[in-house]
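Below: one structure, written as structure tokens.
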Amino acid sequence: MTKKRLAIIGNGMAAGRLLDELLRRGGSSAFEIAVFGEEARGGYNRILLGRVLSGGEPDQITLKSESWYAESGIAFHSGVRVTKVDPVARRLATSDGEAHPYEVCVFATGSSPLIPPIRGLKSADGSPREGVHAFRTIDDCIAIREHARPGSSAVVVGGGLLGLEAAKALCDLGLHVTVLHLEPVLMNTQLDGSGGELLRRAIEKMGIFVRTGTSADEVIGNGHVEAVKLRSGDVVPADLVVLACGIVPRVEVAKASGIPVNRAILVNDLLATQVPGVYAVGECAEHEGKVYGLVQPIWDQCAVLADLLTGANPRARYRGSKVYARLKVAGVEVASFGVPNAEFPTDEVVQVFEDRRGVYRKLIIRDGKLAGAMLVGCAAAAPVLVQMFDRDEPLPPNRLDVLATGLSLSTAGEREICNCNHVTESAVLDAIRDGYDTLPALCEATRAGTGCGSCRGQLAGMLANQTSEKSFDRITG
Ligand SMILES: Cc1cc2nc3c(=O)[nH]c(=O)nc-3n(C[C@H](O)[C@H](O)[C@H](O)COP(=O)(O)OP(=O)(O)OC[C@H]3O[C@@H](n4cnc5c(N)ncnc54)[C@H](O)[C@@H]3O)c2cc1C
């Protein structure tokens, strides 16, 4: 059977996951796969960029080394940007002047950082001002690090997940850091006023200055950055400005190629665009009016597309994802999903605020089931809550029972440890019993911990428990 040519545009987290899903289903016998990646490196875990920013080697977050592609029979065009797709001739044009025929083409072009309208971001000649950086890629992290001198000062524009991650990393490098956030509440997409306030206190305790309800009006400096003028008129001295103000789906190539786009590339339940042979997954795809900015929905999309392309399940359909964010924000555990506040008079709200411990937990309950939850400072209950939310399970009459850490009301063993990849406790324990007794081996075997990574501590704990039980068994015979 002649193989079809499958071209994947982009080599980010969606592309990496799609490759894994295709290979798992024997996709390499049906397709000659080519990946075009503008970033000149193998795939990496973008979620862990904070590690590189705070001084770690890029290799620490690599998911696929450059040699992996060749070993897996995939043609990897590293550092090559696709400039246009000709859907009639089924051919891609690339930045190195080449043309590549395809039968199936998948857009996985992700997003670019949103650049806010702040005066002075560029120098007089139109080039980016020295000392102003976005926070999206390994190259961004390396460039920021080159500017980040201990004792110098940085202003981070944006108090969402990315901004706080960047602020923590810069503070760890010994910089004087100020975070500016336009809204009164930090991480206002995920948190309410109480949650945001607690997070702010935790961030300030680390030595980071937080200014909410204001933003940058102008970057001041003669050539390089010297200060940031706020909307309030205050001036904050700064040697470095990091922009973390949100993301914009990368649709420029799709647009130029006549592929219908709204906020992102429009796809249906088959992840197909309106143009035959062209699909899209990840942050560049818009399904039913939604564009997702977290990995778990992207994993769902990649599994469906791989099922369809390989014929493993021609009836697979993507129906949208319930979104839950379980994150470690600058070292503080945060989980948030569903609605952030009561919406109907019949909605029930349970809030536990532990001022001294710095822990806030909130449940919004509708018809006896979870409509939303928010955890700040301790997210141990998150896996159980996410699972109940996902499966629409009823809550126990004593609502506080579900907040008791580690307590699962779900069937024993069916408790999810990794919500990103839906890996249950029993699957993890089975793998440990099968001899996967190091964290990397366990993660690779089960996929647990390979998404946002927030369950890796729990996995390490399970490994330690099981291996110490094994040694105890050996000692006691
Ligand atoms: C610092 C940080 C922390 C995060 N933390 C979390 C978290 O805790 N939990 C979570 O779920 N999500 C988190 N995210 C979001 C998550 O990383 C993204 O949702 C995910 O990376 C999106 O994957 P993607 O493949 O769609 O896009 P990307 O990973 O951005 O990959 C797209 C790739 O396509 C390339 N590309 C674009 N256009 C072209 C072209 N024309 N030709 C060739 N290549 C092209 C780009 O250069 C890029 O490498 C975080 C993101 C960042 C930046």
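- With hydrogens and angles disregarded, a donor-acceptor distance shorter than 3.5 Å links the side chain of N313 to the backbone of R315.
- Between S54 and D172, the side chains place no donor N or O within less than 3.5 Å of an acceptor N or O (distance only, hydrogens not considered).
- For the pair K64 and Y44, the NZ or CZ position fails the cation-pi test of under 6.0 Å to the six-membered ring centre and within 45 degrees of the ring normal.
- Of the inter-residue distances, the one linking Y436 atom OH with C443 atom SG reads 13.0 Å to the nearest 0.5 angstrom.
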Full working for side-chain contact (heavy atoms from CB on, under 4.5 Å) between L439 and L459: CA-CA 7 Å; L439 190 58; L459 293 170; 3.8 Å; yes
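- Under 4.0 Å is where a charged nitrogen must lie from a carboxylate oxygen, and between E288 and R317 no such pair does.
- Using a 4.0 Å cut-off between charged side-chain N and carboxylate O, R319 and D269 make a salt bridge.
- Under 4.0 Å is where a charged nitrogen must lie from a carboxylate oxygen, and between D234 and R211 at least one such pair does.
- Remark: D86 does not engage R90 in a salt bridge, criterion side-chain N to carboxylate O under 4.0 Å.
- Side-chain atoms of S152 and L240, non-hydrogen and from C-beta on, never get closer than 4.5 Å to each other.
- A donor atom on one side chain and an acceptor atom on the other are not found under 3.5 Å apart for D300 and Y292.
- Salt-bridge formation is not detected for the pair E286/K290: no Lys NZ or Arg NE/NH1/NH2 atom is positioned less than 4.0 Å from an Asp or Glu carboxylate oxygen.
- No hydrogens or angles considered: nothing links the side chains of D139 and T137 as a donor-acceptor pair under 3.5 Å.
- Of all heavy-atom pairs spanning S72 and L23, the tightest one is CB-CD1, 4.1 Å.
- Atom CZ of R91 has 12 or fewer heavy atoms from other residues, nucleotides or ligands within 6.0 Å.
- Between Y324 and F337, the ring planes lie perpendicular to each other; the angle is over 60°, past the 30° to 60° tilted range.
- Here CG of L170 is found 11.0 Å from CD of E165. Values are rounded to the nearest 0.5 Å.
- In this structure, D20 and R447 have side chains that are in contact, with non-hydrogen atoms separated by less than 4.5 Å.
- Atom CZ in R136 sits 11.5 Å away from atom SG in C141 (nearest 0.5 Å).
- Within the 4.5 Å cutoff, no side-chain heavy atoms of Q387 are placed close to those of H422.
- Rounding to the nearest 0.5 Å gives a distance of 11.0 Å between OG of S95 and NE2 of H77.
- Side-chain contact annotation: N45 with R51, donor-acceptor N/O pair under 3.5 Å absent.
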Please tabulate, for side-chain N and O atoms in residues 249-260, each donor-acceptor pair with protein atoms closer than 3.5 Å (sequence neighbours left out).
unit_1	atom_1	unit_2	atom_2	d
R250	NE	E252	OE2	3.1
R250	NH1	E38	OE1	2.8
R250	NH2	E38	OE2	3.1
R250	NH2	E252	OE2	2.8
S257	OG	V85	N	2.9
S257	OG	V85	O	3.4
S257	OG	V253	O	2.6

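- Listed here is the closest heavy atom pair of T446 and A427: CG2-O, 4.1 Å.
- Distance OH/Y102 to CG/L6: 11.0 Å, rounded to 0.5 Å.
- Residues M187 and L199 have side chains in contact (heavy-atom distance under 4.5 Å, counting atoms from C-beta outward).
- The closest donor-acceptor contact from the side chain of D239 to the backbone of S153 lies under 3.5 Å.
- A donor-acceptor pair under 3.5 Å links the side-chain atoms of T273 to the main chain of V278, judged by distance alone.
- Between the side chains of T212 and R200, at least one donor-acceptor pair of N or O atoms lies under 3.5 Å.
- Closest of all the heavy-atom pairs between V376 and L191 is CG2-CD2, 3.7 Å.
- The aromatic rings of H176 and F209 lie parallel to each other, with less than 30° between the two planes, well short of the 60° mark.
- Taking the side chain as every heavy atom from C-beta outward, E130 and H147 approach each other to under 4.5 Å.
- Heavy atoms of other residues, nucleotides or ligands lying less than 6.0 angstrom from NZ of K322 number more than 12.
- A donor-acceptor pair shorter than 3.5 Å can be found between the side chains of N188 and H181.
- With contacts defined as side-chain heavy-atom distances shorter than 4.5 Å, the pair R5/H100 does not qualify.
- Annotation: side chain of C455 is not in contact with side chain of E416 (no heavy-atom distance under 4.5 Å).
- Side-chain contact check for R145 versus V52: some heavy-atom pair is nearer than 4.5 Å.
- Closest non-hydrogen pair, V323 versus P297, comes out as CG2-CG, 4.3 Å.
- With salt bridges taken as basic N to acidic carboxylate O contacts below 4.0 Å, none links E32 and K3.
- No more than 12 heavy atoms of other residues, nucleotides or ligands lie within 6.0 Å of CG in N222, so this atom counts as exposed by the packing criterion.
- At distances below 3.5 Å, not a single donor-acceptor pair connects side-chain atoms of R25 with backbone N or O atoms of T310.
- Counting heavy-atom neighbours within 6.0 Å of E204 CD, excluding the residue itself, gives a total above 12.
- Nearest heavy-atom pair, V179 versus A167, reported as atom, atom and distance to 0.1 Å: CG2-CB, 3.5 Å.
- For E218 and R119, the salt-bridge test passes: some basic side-chain N is under 4.0 Å from an acidic carboxylate O.
- The two residues G50 and A169 come nearest to each other via the heavy atoms O-CB, 3.9 Å.
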Assess whether side chain to side chain donor-acceptor pair (under 3.5 Å) is satisfied between E283 and S111, documenting all intermediate values. CA-CA 6 Å; E283 283 185 355; S111 306; 2.6 Å; yes
Kindly indicate, with the supporting measurements, whether the criterion side-chain contact (heavy atoms from CB on, under 4.5 Å) is fulfilled by K168 and M206. CA-CA 8 Å; K168 168 77 166 57; M206 294 171 196; 3.5 Å; yes
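- The distance from atom CG of D59 to atom OG of S65, rounded to the nearest 0.5 Å, is 9.0 Å.
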